[in-house]
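Here the structure comes first, spelled out in structure tokens, and everything after it is commentary.
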Amino acid sequence: MTCSDAAVPVTVLRLLDGGMALVDTGSGQEEVSVALVEARPGDTVLVHAGEAIAVTERHP
């Protein structure tokens, strides 16, 4: 997903098995790991190198 030192905000569409999630990147959908955060569908998370590293906006 990212190849620089920048994290990218994405929206969690749904949680998948194995600590993974399907996310909307704004230009398509990708699977990323959410093993390090407590993400829910609708949340915005920061992703770096395919790993969600922070939840920035919580979906009610």
key: Beyond-backbone contact of Val55 with Glu38, side-chain heavy atoms, under 4.5 angstrom   = no
request  = State, yes or no, whether a side-chain contact exists between Leu36 and Glu51 at a heavy-atom distance under 4.5 Å.
outcome  = yes
key: Partner of Pro41 by side chain to side chain contact (heavy atoms under 4.5 Å, CB included), out of Thr11, Leu13, Leu15   = Leu15
inquiry  = Here's a test for you: under side chain to side chain contact (heavy atoms under 4.5 Å, CB included), which of Val23, Val45, Leu22 qualifies with Val32?
reply    = Val23
inquiry  = Between His59 and Arg40, does the side chain to side chain contact (heavy atoms under 4.5 Å, CB included) criterion hold? Intermediate values first, please.
reply    = CA-CA 7 Å; His59 183 67; Arg40 302 184 301 222; 5.6 Å; no
inquiry  = For Arg58, I'd like to know if atom CZ has over 12 heavy atoms of other residues, nucleotides or ligands within 6.0 Å.
reply    = yes
request  = Go through Val34 and Met20 one step at a time and tell me if the side chain to side chain contact (heavy atoms under 4.5 Å, CB included) criterion holds.
outcome  = CA-CA 5 Å; Val34 290; Met20 301 296 286; 5.9 Å; no
request  = Could you tell me which non-hydrogen atom of Ile53 sits nearest to which non-hydrogen atom of Ala7, and how far apart they are?
outcome  = CD1-CB, 4.0 Å
query = Taking all non-hydrogen atoms of both residues, which atom of Pro9 and which atom of Thr44 are closest, and how far apart?
reply = CB-CG2, 4.0 Å
query = Any chain of hydrophobic side-chain contacts (each under 4.5 Å) joining Val8 to Val12?
reply = yes
